[in-house]
Amino acid sequence: FLRAHWKFLKTVVNKLFEFMHELHPGVQDMAVDTFLKIAQKCRRKFVVLQVGEAMPFIDELCLGLRQTISDLEPGQIHVFYEALGYMVSAQVDVPTRDRLLIKLMEWPNQMWEEILAQAKQTSGESLQDPATMKQLQNIIRTNERIATALGHPYTVQLGHIYLPLLDVYKAYSEMINSTIAAAQSNAHVMHTSGVRAMRAVKKETLKLLVTYIERSEDNELVLNKFVPALLDPVLGDYVRSIPAARDPEVLSLFCSLINKLQSLMTPQVPRVFEAVFKSTLDMITKNFEDFLEHRLNLFSLLRAINHHCFPALLTEESNFTLMIESIKWAFKHTERNVAETGLHTLLELLQNVQASQVMNAFYQAYYVGLLQDVFSVLTDTLHKPGFKLQATILAHLFLAVEAGAITAPLWPQDGSSAATSNTQYVRELLMQMLSASFPNLTQTQLTGAINGMFENCKDQANFKQHLRDFLVQLKEFGDSTELFAEERQAELDSKAGELRKRQGGGPRPINPPPR
């Protein structure tokens with residue numbers, strides 16, 4: 001209705017602007033949220049010249065922008081700017097759109113320039129002022145909201161602030177490290193208001209960059225213009241900081257970069273790996289509780305590298321070994337999201353290896369350890385939700401041996417094993433491993449279970465059912481409900497589909513009440 005009636009739409013929007021000056025609780029929130037919804041739905045109406053108007057509404061809005069938002073709180077101003085971003089995105093003429101964006105960002109950019117000028121005059125001292133840090137957070141957050149709404153055309157604005165933004169990021173990194181050093185590396189200093197405010201500016205910067213990368217449409221531009229300047233301030237700061245000062249958003253940023261640029265990021269992966277991988281791994285392998293966000297983000301990054309930049313992992317053998325150990329550690333994790341990411345990463349890694357020239361060398365080095373560790377989580381009762389992926393990985397490992405894909409010997413070449421084939425060696429290894437772990441099972445039961453695993457590895461459904469039967473035999477495995485989660489979900493989906501089909505004729509008419 002509003003799209004079809006411009007005069008009414010303009011009246012509604014102007015009324016919302018009046019409400020933005022109303023100090024009664026809740027009114028301003030209602031006004032900016034409604035303005036955002038209208039901007040999303042009717043964006044095109046605000047950037048074209050309407051009948052009877054002297055200029056497009058967006059130009060009129062720019063003239064009185066400061067007055068319109070003068071009584072709003074920072075969070076409300078961010079929503080307001082997001083709405084403006086949606087309006088600007090509707091402008092199809094590129095020069096006009098860029099001019100509108102620069103005009104809308106005039107006030108935030110003016111404040112930004114003033115802060116930078118003051119910082120230059122005081123050799124960075126002014127950046128430690130609490131009011132300045134709060135102002136910087138708000139400016140960067142406003143940019144992030146605009147980037148969310150506008151998408152790739154935000155490049156014009158980001159190009160204007162990008163290098164100074166990284167300088168500010170680097171300055172705060174150095175200030176935080178100096179504060180920590182002065183406190184003799186006491187981690188409690190991280191909780192002081194000053195350090196928290198500095199970290200907040202850094203986090204907002206990283207969030208802005210992630211938003212832009214995910215919304216950008218020119219991978220070559222991002223790779224050549226934005227990535228090179230990013231590496232030293234962000235990666236260098238991460239590796240130099242104490243564990244408590246490392247921002248998990250750094251891992252998210254590079255995960256987004258790799259998912260976006262894919263194989264284009266392959267040359268940069270060794271540097272990313274060197275900066276964030278071992279340092280983060282040292283933080284998270286001490287226990288299963290600390291730095292949960294770092295855990296999730298690290299393994300998401302690892303999965304992205306494996307998926308898009310696999311050749312980069314083969315350049316350094318020590319890195320590859322470290323990655324395998326990390327994946328093992330991940331799928332043994334008691335946090336379900338971490339364990340699931342670890343299993344997904346391992347499965348994708350095995351698929352990549354299968355199609356590469358390093359398959360034999362890989363399996364000679366890691367096959368036995370992976371087989372033992374996956375069996376360990378399969379039978380330990382703590383990782384039942386991962387059954388589907390565990391079964392898929394085991395089927396892959398069994399099939400690689402059964403089908404003869406692995407041509408190099410897996411058994412030790414020092415004479416300690418009498419095996420003459422990979423199939424024979426893996427069978428003997430499993431018999432030895434399962435006999436030691438489950439003395440309650442007879443040799444006949446174990447032989448049948450192992451034979452079934454090899455026989456069914458080509459059929460995923462049969463293999464899973466065989467594994468279930470084996471696990472139910474283990475007295476200590478307990479409740480096996482989780483093993484059927486996939487089938488239960490499929491049954492529920494099937495019933496829901498049947499219900500939708502039965503209701504496909506639409507709602508039945510209700511009989512009119514008797515007169």
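For this chain, numbers begin at 1 and follow the sequence in order.
Taking 4.5 Å as the limit, every side-chain heavy atom of R141 sits out of range of all side-chain heavy atoms of K207. F463 is not listed as a side-chain neighbour of F454, based on a closest heavy-atom distance of 4.5 Å or more. A 4.5 Å side-chain heavy-atom check between M453 and F470 finds at least one atom pair inside the cut-off. Inter-residue side-chain proximity for M323 and L349 is flagged as met; some heavy-atom pair is nearer than 4.5 Å. For the pair V426 and Y367, the minimum side-chain heavy-atom distance is below 4.5 Å. Side-chain contact between D290 and M283 is absent, with no heavy atoms from C-beta onward closer than 4.5 Å.
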**Study point:** Full working for side chain to side chain contact (heavy atoms under 4.5 Å, CB included) between H344 and L389
**Key:** CA-CA 7 Å; H344 273 297; L389 283 167; 3.6 Å; yes

Exercise for review: Would you check, one step at a time, whether the test salt bridge (charged side-chain N to carboxylate O under 4.0 Å, His left out) holds for D33 with K37?
Suggested key: CA-CA 6 Å; D33 289 343; K37 289 175 186 173; over 6 Å; no

Review point. Where do R303 and E348 land on the salt bridge (charged side-chain N to carboxylate O under 4.0 Å, His left out) test, with the steps shown first?
Key: CA-CA 8 Å; R303 187 179 179 188; E348 290 164 4; 2.7 Å; yes

Exercise for review: Could you walk me through whether Q443 and T447 pass side chain to side chain donor-acceptor pair (under 3.5 Å), step by step?
Suggested key: CA-CA 6 Å; Q443 291 290 103; T447 302; 5.5 Å; no

Point to revise | Verdict with reasoning, S376 to Q372, per side chain to side chain donor-acceptor pair (under 3.5 Å) | key: CA-CA 6 Å; S376 171; Q372 291 172 332; over 6 Å; no

Exercise for review: In sequence, state the C-alpha distance, the side-chain angles, and the governing distance for R271 and E274, and then conclude on salt bridge (charged side-chain N to carboxylate O under 4.0 Å, His left out).
Suggested key: CA-CA 5 Å; R271 186 170 178 187; E274 182 184 350; over 6 Å; no

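Judged by a 6.0 Å distance limit and a 45° cone about the ring axis, R215 is not positioned over the six-membered ring of Y154. Under the 6.0 Å distance and 45° angle rule, K202 does not count as a cation-pi partner of Y172.
Remark: E293 engages P248, E249, N297 in a side-chain contact (heavy atoms from CB on, under 4.5 Å) (not counting sequence neighbours). Evaluation of the side-chain hydrogen bond (donor to acceptor under 3.5 Å, both in side chains) rule for T321 yields Y366 as partners, not counting sequence neighbours. For Y212, the ring pair (Phe, Tyr, Trp, His ring centres under 6.0 Å) test picks out F226, with sequence neighbours left out.
Residue pairs meeting the side-chain hydrogen bond (donor to acceptor under 3.5 Å, both in side chains) criterion with at least one member in residues 398-412, sequence neighbours excluded: N360-T407. For residues 237-273, the set of pairs meeting the ring pair (Phe, Tyr, Trp, His ring centres under 6.0 Å) definition, not counting sequence neighbours, comprises F273-F277. Pairs passing the salt bridge (Lys or Arg N to Asp or Glu O under 4.0 Å) check and including a residue from residues 219-233, sequence neighbours excluded, read K170-D232.
Heavy-atom contacts from other residues, nucleotides or ligands closer than 6.0 Å to NZ of K278 number 12 or fewer.
With hydrogens and angles left out, the side-chain atoms of Q465 and D469 include a donor and acceptor closer than 3.5 Å.
Considering M431, Q432, Q424 as possible partners of E428, the one that fulfils the side chain to side chain contact (heavy atoms under 4.5 Å, CB included) test is Q424.
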